[in-house]
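For reference, the structure discussed in these notes is given below.
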Amino acid sequence: MEVLSVASEAYPLVKTGGLADVVGALPAAVAPHGVRMTTLLPGYPAVRAVATGKPVHRWRNLLGADAQLLKGEIAGHPLLILDAPDLFDRPGGLYGDATGQDWPDNWRRFAALSKAAAELATGAVKGLAFDLLHVHDWQAALAPAYIRFAGAATPSVVTVHNIAFQGRFGADVFSALDLPAEALSVDGVEYYGGVGFLKAGLQAASAITTVSPTYAREIRDPAFGMGLEGLIAARGAVVSGVVNGIDTDVWNPETDPALAASYGPRQLSRRARNKRALETEFGLDRDDGPLFCVVTRLTWQKGMDALAAVIDDLVAMGGRLAVLGSGDAALEAAFHQASSRHPGRVGVRIGYDEGLSHRLQGGSNAILIPSRFEPCGLTQLYGLRYGCVPVVARTGGLADTVIDANAAALAAEVATGFQHDAVTPDALRAALSRVFEVFATPDRWTAIQRQGMKGDYSWTVSGRRYADLYASLVSSTADAVTPAAAAPTRSRRRTA
Ligand code: ADP
Ligand code: GLC
């Protein structure tokens, strides 16, 4: 089966978050199940750089842009690149300028990506044919709407990695989207008086997935659905949750070149070398108390304001904290201030650093993830695999992947981390005291680390889930199309 996967980022070419990890890993995850996945990405400079050969298609007017389609490879799998310099070749970030301001033409950039995807998926580009289209998040979500309003039958899957990002724009952009007038309706792309890219995709796709079973339930609720809960509930029969896997080659503590000392579950004492290296790197005191880390976007979603409010308590309890992240200026400042208040106890690196994210997982004792919502979350999975015990809010994929070290789980030796309910300073303080209590008994702590490291966080199970979903959609489309295959004959008769 040939599947076209479309997204705005994919590791290792372009990444701002977990979306890229997942899109980059999917082709290998579904390959063992007979799925050949081609990934379509925008031609940002870093993507354009891996293009090989001559253009395979040219659009003179793709929503106003001159564009061509290039071929390449991503991690040994086929890649298509939408090379449209006016849209994608600019300095700054993937979604905005260097100051973090969204590009004002994001609607056109990602509508163009979606339109190209829909044309590819419906066979409009000679030499390329696909059985199914899989799009990720709002940036690609208009594609199923283009397919639907073109009257084509290619089945499609929309995966929601984060329903907070919806691609909402004013109704004034509609006329430039090259959709028929009837598309601006409640069951089309219209959304609260404007245009909603994710909404349009959720409405038009054959199936909707999100990245954990708990999040799939949560987004039916107004507290999580962010306005789309009604639509998610209405389409409930086609909504499912498939938990993300991780790349177990890139994230393997036994072979990770980023670590001072590699280790397996039976060599946990070797982590001490990595911890010492982190202490040096972050200018932290050396002691045997727990070293906590944070690797994240510094945002409200991630509960970083609640964490900032308990740093003094964490330090008073005898802990140290190493933070790697970037995001809201106010949160960056709050962490900088905490580090000045607590020299030797709190170290902060503002920025994005892949190698350091590995070193933190390989040397810290625990990773703090107090997210207010978390569709899946990958850093807790990296933590589990690295014996860096996750301390997480009980939401979304965090709830699905971490087993809380309550009395029963500890007794049964199945605990892999710590969960807390509310994302408030009080709840975080309570969770931290539980962590300190268990950390004081090294055998118990090691048992939690080992239990986490034993888990299977690979794509084996979820790769099959996606492949099964694709197969069922392709076969039901074939069933639906077979009787209609007679339609051209009928219509010829009618016009005759
Ligand atoms: P989200 O996609 O919501 O940001 P995830 O946990 O799914 O959250 O994925 C985050 C990904 O980005 C992980 O691979 C994590 O290691 C990485 N990451 C986040 N912040 C940083 C950073 N400052 N430096 C390096 N990697 C980071
Ligand atoms: C989003 C979510 C995160 C998820 C990632 C990959 O960025 O915030 O929870 O792990 O997508 O699916």
Side-chain angles (χ1 to χ4, degrees), residues 5 7-12 14-26 29 93-95 134-140 158-166 198 209-216 218-219 224 226 241-248 250-251 256 258 293-304 322-328 331-332 335 347-362 364 367-386 388 390 392-393 395-402 457 459 462 466:
S5 167
S8 56
E9 49 185 277
Y11 181 87
V14 272
K15 166 168 165 177
T16 69
L19 168 68
D21 289 315
V22 174
V23 175
L26 262 187
L94 306 185
Y95 311 114
H134 185 170
V135 300
H136 302 268
D137 276 355
W138 74 265
Q139 294 90 348
V158 170
T159 295
V160 179
H161 293 263
N162 194 335
I163 212 161
F165 302 112
Q166 302 187 345
L198 182 60
T209 69
T210 183
V211 287
S212 70
T214 294
Y215 194 62
E218 286 173 339
I219 54 175
F224 290 92
M226 306 194 175
V242 183
V243 79
N244 290 332
I246 61 174
D247 187 325
T248 48
V250 174
W251 291 94
D256 192 333
C293 75
V294 165
V295 180
T296 190
R297 296 186 280 122
L298 296 175
T299 63
W300 184 86
Q301 174 195 341
K302 303 290 182 179
M304 286 297 117
V323 177
L324 169 62
S326 63
D328 296 353
L331 288 171
E332 292 182 357
F335 283 102
V348 177
R349 287 283 174 287
I350 298 300
Y352 188 92
D353 186 334
E354 197 79 29
L356 182 52
S357 74
H358 285 243
R359 296 197 290 282
L360 283 163
Q361 299 277 13
S364 314
I367 180 161
L368 300 174
I369 315 176
S371 305
R372 291 198 165 80
F373 62 93
E374 196 61 78
C376 180
L378 296 174
T379 56
Q380 83 279 14
L381 301 178
Y382 302 146
L384 288 165
R385 184 147 165 86
Y386 276 59
C388 180
V392 306
T395 186
L398 300 173
D400 291 341
T401 55
V402 175
Y457 311 106
W459 275 100
S462 295
Y466 278 116

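Sequential numbering from 1 along the given sequence is applied to the chain's residues. In listed order, ligands and their atoms are each counted from 1.
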request  = Specify side chain, backbone, both or neither for L19, according to which of its non-hydrogen atoms lie closer than 4.0 Å to ligand 2.
outcome  = backbone
inquiry  = For L19, is there any backbone N or O sitting under 3.5 Å from a side-chain donor or acceptor partner on E9?
reply    = no
note = One finds that the ligand 2 atoms under 4.0 Å from a non-hydrogen atom of N162 are 8 (O)
query = D247 side chain to V250 main-chain N or O, any donor-acceptor pair under 3.5 Å?
reply = yes
request  = Only counting residues at least two apart or in another chain, list the ones meeting side-chain contact (heavy atoms from CB on, under 4.5 Å) with A10.
outcome  = V23, L41, I74
ask   = Under 4.0 Å from any heavy atom of V22, which atoms of ligand 2 are there?
value = 6 (C), 12 (O)
ask   = Which atoms of ligand 2 are found less than 4.0 Å from any heavy atom of E374?
value = 2 (C), 3 (C), 8 (O), 9 (O)
request  = State whether the side chain of E218 and the backbone N or O of T395 hold a donor-acceptor pair below 3.5 Å, judged by distance alone.
outcome  = no
ask   = Are the side chain of Q139 and the backbone N or O of V135 linked by a donor-acceptor pair below 3.5 Å?
value = no
Ligand-protein N/O pairs under 3.5 Å (ligand 1):
unit_1   : atom_1 : unit_2 : atom_2 : d
ligand 1 : 2 (O)  : G18    : N      : 2.7
ligand 1 : 3 (O)  : R297   : NH2    : 2.7
ligand 1 : 3 (O)  : K302   : NZ     : 2.8
ligand 1 : 4 (O)  : R297   : NE     : 2.8
ligand 1 : 6 (O)  : L378   : N      : 2.9
ligand 1 : 7 (O)  : L378   : N      : 3.4
ligand 1 : 8 (O)  : K302   : NZ     : 3.0
ligand 1 : 9 (O)  : G18    : N      : 3.2
ligand 1 : 14 (O) : K15    : NZ     : 2.8
ligand 1 : 14 (O) : D21    : OD2    : 2.7
ligand 1 : 23 (N) : G351   : O      : 2.8
ligand 1 : 24 (N) : D353   : N      : 3.0

message = Tell me if a side-chain donor or acceptor on Q166 pairs with a main-chain N or O of M226 at a distance below 3.5 Å.
response = yes
Shortest heavy-atom approach to atom 10 (O) of ligand 2 - which of A164, G396, G377 = G377
key: Backbone of P375 reached by a side-chain donor or acceptor of S212 within 3.5 Å   = yes
N244 N/O under 3.5 Å from ligand 2 N/O = yes
remark   = In ligand 2, the atoms that come under 4.0 Å of a heavy atom of Q301 are 8 (O)
task = Assert yes or no for the condition that the ring centre distance of W251 to Y382 is strictly below 6.0 Å.
result = yes
query = Do any N or O atoms from the side chain of S462 and from the backbone of V243 form a donor-acceptor pair under 3.5 angstrom?
reply = yes
Main-chain N/O of V211 paired with N244 side-chain donor or acceptor, under 3.5 Å = no
Ligand 2 to C376 polar contact by distance, N or O atoms, under 3.5 Å = yes
remark   = A student checking ligand 2 against V211 at a 4.0 Å heavy-atom cut-off should list atoms 12 (O)
Sub-4.5 Å side-chain heavy-atom contact between K15 and D21 = yes
task = Can you pull out the closest protein heavy atom to atom 12 (O) of ligand 2? Residue, atom name and distance to 0.1 Å, please.
result = H161 ND1, 2.6 Å
